[in-house]
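To start, the structure itself, in structure tokens.
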Amino acid sequence: MRTVVLTMKASVIEMFLVLLVTGVHSNKETSKKIKRPKFTVPQINCDVKAGKIINPEFIVKCPAGCQDPKFHVYGTDVYASYSSVCGAAVHSGVLDNSGGKILVRKVAGLSGYKGSYSNGVQSLSLPRWRESFIVLESKPKKGVTYPSALTYSSSKSPAAQAGETTKAYQRPPIPATTAQPVTLMQLLAVTVAVATPTILPRPSPSAASTTSIRRPEPVGHRSQEMDLWSTTTYTSSQNRPGADPGIQRQDPSGAAFEKPVRADVSLGEMDSWKPGSVLLDEGRVPKEELSTQSLEPVSLGDPNCKIDLSFLIDGSTSIGKRRFRIQKQLLAGVAQALDIGPAGPLMGVVQYGDNPATHFNLKTHMNSRDLKTAIEKITQRGGLSNVGRAISFVTKNFFSKANGNRSSAPNVVVVMVDGWPTDKVEEASRLARESGINIFFITVEGAAENEKQYVVEPNFANKAVCRTNGFYSFHVQSWFGLHKTLQPLVKRVCDTDRLACSKTCLNSADIGFVIDGSSSVGTGNFRTVLQFVTNLTKEFEISDTDTRVGAVQYTYEQRLEFGFDQYSSKPDILNAIKRVGYWSGGTSTGAAINFALEQLFKKSKPNKRKLMILITDGRSYDDVRIPAMAAHLKGVITYAIGVAWAAQEELEVIATHPARDHSFFVDEFDNLYQYVPRIIQNICTEFNSQPRN
């Protein structure tokens, strides 16, 4: 009997060892087979709308040709999900028309999508939509896994028809058990469970309604038990131009009106936001047609204050720690009052002492809360107070696309100075103004009478600011009164209609070319003249809101080749110039000037500088004096370029005074190109010499 027992024990032990070895071997085989899947970027067509894709954040590859107007886009910077994903990418400037990879991030819907023309794409306006998205460069975040296959709201998606890897929108499956290697302890546990079955009571109908175990719901299903909304208090913007009267914010007395908005939704926290959760009711999927349901906007920035703002703060040793802290308190107040966001104002901070240094650029912090937190962490650098060097640094480095600068937003710099600068600011500020930067100065505790001898550059603030009319300057007697500048400062930087330095010599003109097409020019020389017109046009920033270009050709008669409102992009203008055909005939320059005044400049915008550039190769058959005088009286700045047999005295009559800056004579057509830099320089010099008061 004892021998039998020993034999049975040995058999059991042998069986356990076999099972144990088998389990270990299976685990090794399983671990060998598990490999990290390689990420492949899914491709989509130009017509795929963001609303058809369920994923909250994803990287995709767009094909070429998505600039086509048939791929509709709604909004600017922040787009309604009814928009073409790739069309929005081209509009935002992240892609060009050749296609490429982009990062798309869903954000909540809002009211008031504004249309605009950008990068060859005309986006449309939309009163409201349930869901939005933004487009970024395809730089994956560390630790974030992006889908290799997109999830669509229906199986018949445009992407699926194109043949790329996609998944239909389905309910999440009920979790199922996965085959795993059986271990000894699991085997024993199963044996015990089989030997002692447990009978559970059948739940009653009332119990079933309150049980915590719920049926799996589709992605995007809005649970009635989950509260996605909270209240957020806003700082006052009653003084801000164009502020939405329907959004009341907290006033200085502390009284606040609270309105429901998404709780703490920011561009950096989209993992907690589910697409479609804003307007979805129990068991419903959003319809494709435009929504007319009222929707409270999620704070993506105040669109009435869309500016790119750089704060230059004084970190010099003389300011001291206490005053430096007061300076940071003003910055934090401005960050809160501005309502930072991608559809509104963006703000960066540069600290200067001996040398300037950027703490964070425009795209580092995309909401007021994160920006305020970052401001609190700024520490004082010390050194001198080299303001001029700091302004040069910002002009050359800060307002770039890589740092988040937006072509559709004015550039604003607010300079804070304790006392006075230790270097000169005039030349650096002039270059900043000519670059389209609006400079504001806040001077605190200026030089006393016995300290003025130490000031490097007297009247430095007026030499630095955009205009000397008082709008751009704040003089604060004491640091303890600095907080009083908060509301006036926010009101002024947001008043984009008064930011005069946003206009430069290259983006604020209506330019009308008046081209001699007479028989003496000849076909070859006429093409050379058109190349000269092209070279000049390339120097300007062309759009329906920037510089516009029109052209007239004349002989005895006149012909409008294209008007100011016909083309609104540089490629379209350049193509139109190439298509101008040579006419041939006589030379009636006076009649051509009158025609241009009537057909071109009569339709010029009131806020545009009117520039007429006339090119001729001979003496006019009619009188030019009265037409030229009419042009001057109507405020048209006229440049006269004569070639070969043109009459010098006629050029000087046609040209705006002083004639030496506005009339040019070229002996041969082939030398016209040499005068392009000089003409551009004269145009900009004249623009920048306008009085700043």
Side-chain angles (χ1 to χ4, degrees), residues 505-506 509-542 547-555 558-564 566-567 569-585 587 589 592-593 595-596 600-601 609-620 624 631 636-648 650-652 654-656 659-686:
C505 60
L506 300 178
D510 279 345
I511 304 175
F513 289 98
V514 181
I515 305 168
D516 185 350
S518 61
S519 302
S520 58
V521 175
T523 304
N525 289 333
F526 187 78
R527 306 317 301 177
T528 303
V529 171
L530 292 184
Q531 185 59 52
F532 171 72
V533 172
T534 296
N535 292 343
L536 282 171
T537 303
K538 285 179 178 178
E539 299 294 326
F540 293 90
E541 299 172 26
I542 307 294
T547 292
R548 304 186 303 168
V549 176
V552 167
Q553 184 182 176
Y554 73 96
T555 57
Q558 306 83 35
R559 182 169 73 195
L560 179 65
E561 300 293 351
F562 51 88
F564 291 138
Q566 193 164 344
Y567 303 107
S569 72
K570 188 176 292 187
D572 290 343
I573 289 288
L574 298 181
N575 286 331
I577 294 170
K578 289 179 182 178
R579 292 194 300 267
V580 173
Y582 177 47
W583 205 358
S584 185
T587 309
T589 305
I593 294 173
F595 182 85
L600 269 182
F601 292 101
R609 295 174 72 233
K610 303 175 185 67
L611 300 178
M612 181 191 296
I613 300 178
L614 185 144
I615 307 108
T616 182
D617 81 326
R619 185 179 294 274
S620 177
V624 299
V636 178
I637 301 168
T638 308
Y639 287 81
I641 294 96
V643 189
W645 300 280
Q648 183 70 43
E650 277 189 357
L651 298 178
E652 293 177 357
I654 295 169
T656 296
R660 66 178 181 274
D661 295 331
H662 299 86
S663 66
F664 304 91
F665 181 80
V666 187
D667 54 354
E668 295 181 5
F669 284 95
D670 289 341
N671 293 330
L672 273 171
Y673 75 94
Q674 298 177 2
Y675 285 82
V676 171
R678 185 175 171 187
I679 294 171
I680 296 297
Q681 182 181 0
N682 286 10
I683 290 173
C684 287
T685 299
E686 186 173 39

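For the numbers below, each heavy atom of this structure counts, side chains included, while hydrogens, waters and symmetry mates do not.
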Pick from T528, T534, N535: which one makes a side-chain hydrogen bond (donor to acceptor under 3.5 Å, both in side chains) with Q531?
-> N535
May I ask you to test the V514-Q558 pair for a side-chain heavy-atom distance under 4.5 Å?
-> no
Heavy-atom pair of closest approach, residues Q553 and G517 | OE1-CA, 3.6 Å
Student check: side-chain heavy atoms of I683 and E539 closer than 4.5 Å | no
Using a 4.5 Å cut-off on heavy atoms from C-beta on, say whether the side chain of N525 contacts that of D617.
-> no
Do S584 and T555 come within less than 4.5 Å of each other through their side chains, counting heavy atoms only?
-> no
Identify the heavy atoms of R559 and G581 that sit nearest to each other, and give their distance.
-> NH2-O, 3.1 Å
Going from CD on E561 to CG on L530, what distance comes out if it is rounded to the nearest 0.5 angstrom?
-> 8.5 Å
Would you say the side-chain atoms of S620 and T587 include a donor-acceptor pair closer than 3.5 Å?
-> no
To the nearest 0.5 Å, tell me how far W583 CH2 sits from I515 CD1.
-> 12.0 Å
Rounded to the nearest 0.5 Å, what separation is found between the CD1 atom of I637 and the NZ atom of K610?
-> 9.5 Å
Quick one: pull up CD1 in I573 and CZ in F564 and give me the separation to the nearest 0.5 Å.
-> 10.0 Å
To the nearest 0.5 angstrom, please state how far the NZ atom of K570 sits from the CD atom of E541.
-> 7.5 Å
Would you say the side chain of I641 lies within less than 4.5 Å of the side chain of Y675, judging by non-hydrogen atoms?
-> no
Between V549 and Y567, is any pair of side-chain heavy atoms under 4.5 Å apart?
-> no
Heavy-atom nearest pair, A646 first then G642, reads CB-CA, 3.6 Å
Would a 4.5 Å heavy-atom cut-off, applied to side chains only, mark T656 and D661 as touching?
-> no
Compare all side-chain heavy atoms of F532 with those of I679 and state whether any distance is below 4.5 angstrom.
-> yes
Locate the shortest heavy-atom distance separating A551 from L600; write the atom from each residue and the value.
-> N-CD1, 4.1 Å
Between F526 and Y582, how do the two ring planes meet: parallel, tilted or perpendicular, split at 30° and 60°?
-> tilted
What's the spacing between L611 CG and L536 CG if we round to 0.5 Å?
-> 10.5 Å
Could you give me the CA-CA distance, side-chain angles and deciding distance for N682 and E686, then say whether side-chain hydrogen bond (donor to acceptor under 3.5 Å, both in side chains) is met?
-> CA-CA 6 Å; N682 286 10; E686 186 173 39; over 6 Å; no
Going through the checks in order, is the side-chain contact (heavy atoms from CB on, under 4.5 Å) test met by C684 and L506?
-> CA-CA 8 Å; C684 287; L506 300 178; 4.0 Å; yes
Are F595 and Y554 close enough that their ring centers fall under 6.0 Å?
-> no
T537 and V533 have their tightest heavy-atom pair at OG1-O, 2.8 Å
Given the rule in the salt bridge (charged side-chain N to carboxylate O under 4.0 Å, His left out) test, do D510 and R548 qualify, once you have shown the distances and angles that lead to the verdict?
-> CA-CA 5 Å; D510 279 345; R548 304 186 303 168; 2.9 Å; yes
